[in-house]
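Lettering of chains follows the sequences in order, A, B, ..., and the numbering in each one begins at 1. Values below: every heavy atom of this structure, side chains too, minus hydrogens, waters and symmetry copies.
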Amino acid sequence: MTRPNPISGFPEWAPAQRMIEQRVIDRLRETFELHGFAPLETRAVEPMDQLLRKGETSKEVYVLRRLQADAEDPSDSGLGLHFDLTVPFARYVLEHAGKLQFPFRRYQIQKCWRGERPQEGRYREFLQADIDIVDRDALCPHYEVELPLVIADAFAGLPIPPIRMHVNNRKLSQGFYQGLGLAGPMAAIRVVDKLDKIGPAAVADQLRDALGASEEQAKACLALAEIRASDASFADAVRALGVSDPLLDEGLAELVAVVEAAAEHAPGLVVADLKIARGLDYYTGTVYETVLVGHESIGSVCSGGRYDNLASAGDVRYPGVGLSIGVSRLLGRLFGRDLLTVSRPSPTCVVVALPDEGDRVRCMRVAAALRGRGIPAEVAPAAAKYGKQIRFADRRGIPYVWFPGPEGEPDAVKDIRSGEQVEADAATWQPPAEDRRPRIAGA
RNA sequence: GUGGUUGUAGCUCAGUUGGCAGAGCACCGGGUUGUGGUCCCGGGGGUCGGGGGUUCAAGUCCCCUCAGCCACCCCA
């Protein structure tokens with residue numbers, strides 16, 4: 001049997017990393033529920049026409065096919081693995097609208113698949129954590145303020161650098177480009193989004209060459225893209241550019257509301273950044289992008305926006321706003337920079353040493369007593385010399401070794417980091433709270 | 001998907017014009033007869049990412065392929 005090889009883009013993390021991931025998931029789930037988001041899991045597959053309906057190119061979608069497809073049976077099932085959680089959620093809302101109470105808020109933490117070329121923090125199978133709020137017919141704009149606050153709350157409980165959310169508004173951008181008389185406002189949005197990466201000169205070139213923008217128009221686009229403020233002052237800067245359009249006014253008002261409300265509830269969290277665009281074309285209002293302060297090179301770890309047209313059946317519309325945390329992307333890049341670690345790679349807190357194979361029953365009783373009070377414990381694998389049994393714990397980062405006392409004598413527990421050993425009773429002994437479970441910590 | 005770059009022990013890496021695959025750390029055993037980490041002695045470990053080619057001879061040269069990373073693209 002030859003040794004199996006990894007599959008590109010399908011990472012399998014070590015136990016220590018998986019423990020960190022699970023702690024992060026726990027924190028996210030707890031926060032989302034604290035804010036009243038209901039849990040939801042959708043199936044892994046969607047009909048291809050649903051998946052291809054909005055934005056995504058077919059190449060990125062993994063399709064599902066039965067191996068035992070006979071000649072009659074077209075091998076293509078018409079199903080593909082979902083590439084995000086927003087599209088499946090929109091489908092779910094339409095399908096179950098009659099059973100849901102609106103406004104409906106849900107969170108969803110699931111794997112997604114995308115056939116792109118992998119890199120660090122960019123995988124073909126990855127975990128995403130989404131929150132969305134949808135309503136029927138109309139969605140109140142205050143939800144566009146609430147979501148960033150929920151995300152900030154979730155991140156605040158993790159030992160990672162603080163976040164900063166960059167926000168823009170699609171109506172603002174689109175209205176501005178329209179008012180400027182630019183053909184293809186969506187294309188302009190995509191070009192301007194690259195400003196940080198390719199620089200103002202290259203953006204101006206692309207606006208001229210690809211979109212036929214004039215020198216003046218290109219200049220105005222760059223001027224808009226450079227506007228950035230943590231308060232409502234950006235609105236004056238936009239108006240000073242002298243472009244007028246009803247959609248622009250609408251977008252400006254909405255973005256001012258988001259920025260002002262965020263400044264009230266979480267100062268420093270949100271900054272208006274008018275070059276932010278987001279690739280997906282289903283966004284129609286506020287768009288968000290999130291960076292870790294001081295680690296901007298990691299890229300956006302949470303993004304989303306408002307969508308008014310993703311879910312609609314006949315005359316009924318279900319506008320929504322959502323944010324997705326790229327859990328795999330975030331963790332992959334934090335791991336690569338050693339920015340997130342765990343205190344030990346094993347959940348075990350106590351190894352119960354085994355004096356003799358004949359003592360196994362007694363040792364298992366000790367371990368059970370500890371577990372019964374929430375202290376993770378395991379019995380040593382074999383009745384080796386105590387030095388070996390201590391080493392067994394040491395190698396795994398397990399902090400305590402328990403020594404069953406000889407007949408009639410008390411047990412003892414040793415902290416193998418300090419070497420300190422004390423008499424102990426399995427029915428009452430407590431480790432310090434910080435040793436009970438593995439803990440995650442930042443750099 | 002396009003282009004670039006890297007791949008030798010569990011880890012970090014040497015390996016000369018093509019000439020017997022190595023070091024440090026880690027691991028296992030002993031010194032140390034139930035209390036580890038230091039020290040000393042010994043030991044096990046390799047499809048040189050995989051396949052093909054050139055050659056008397058390939059870790060080394062050529063082709064293909066797989067995987068990691070980087071850029072583009074896209075975006076979590």
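- Among the heavy atoms of the strands, none lies under 4.0 Å from A:G332.
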Only pairs under 3.5 Å count here: list side-chain donor-acceptor contacts from residues 147-165 of chain A, not counting sequence neighbours, and write none if there are none.
unit_1	atom_1	unit_2	atom_2	d
A:D153	OD2	A:H35	NE2	2.7
A:R164	NE	A:H166	NE2	3.1
A:R164	NH2	A:E296	OE2	3.3

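- Proximity of A:R190 to the phosphate of B:C75: a side-chain N or O atom is located under 4.0 Å from OP1 or OP2.
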Scan nucleotides 3-10 of chain B against the protein and return all N/O pairs shorter than 3.5 Å with their distances rounded to 0.1 Å.
unit_1	atom_1	unit_2	atom_2	d
B:G3	N7	A:R117	NH2	3.4
B:G3	O6	A:R117	NH2	3.4

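- Note: CZ (A:R124) to C1' (B:C73) measures 14 Å, nearest angstrom.
- With hydrogens and angles left out, the side-chain atoms of A:N168 and A:Y283 include no donor and acceptor closer than 3.5 Å.
- Residue side chain A:R122 does not reach the base of B:C75 through any donor-acceptor N/O pair under 3.5 Å, judged by distance alone.
- Note: A:Y123 and A:F10 fail the aromatic proximity criterion, with ring centroids not under 6.0 Å apart.
- Residue contacts for A:Q119: at a heavy-atom cut-off of 4.0 Å it reaches a base atom on one of the strands shown.
- A side-chain donor-acceptor contact under 3.5 Å links A:E254 and A:N169.
- The CG-P distance, from A:L330 to B:C75, rounds to 20 Å in whole Å.
- For A:S300, no side-chain nitrogen or oxygen approaches OP1 or OP2 of B:C75 to under 4.0 Å.
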Protein-to-nucleotide contact annotation, 5' to 3' order, nucleotides 28-37 of chain B [B base; S sugar-phosphate only; - none; under 4.0 Å, heavy atom]: SS--SSBBBB
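- Here the P atom of nucleotide B:C75 and the CD atom of A:E125 are 21 Å apart, to the nearest Å.
- At a threshold of 4.0 angstrom between heavy atoms, the contacts of A:K194 are confined to the sugar-phosphate backbone, with no base atom among them.
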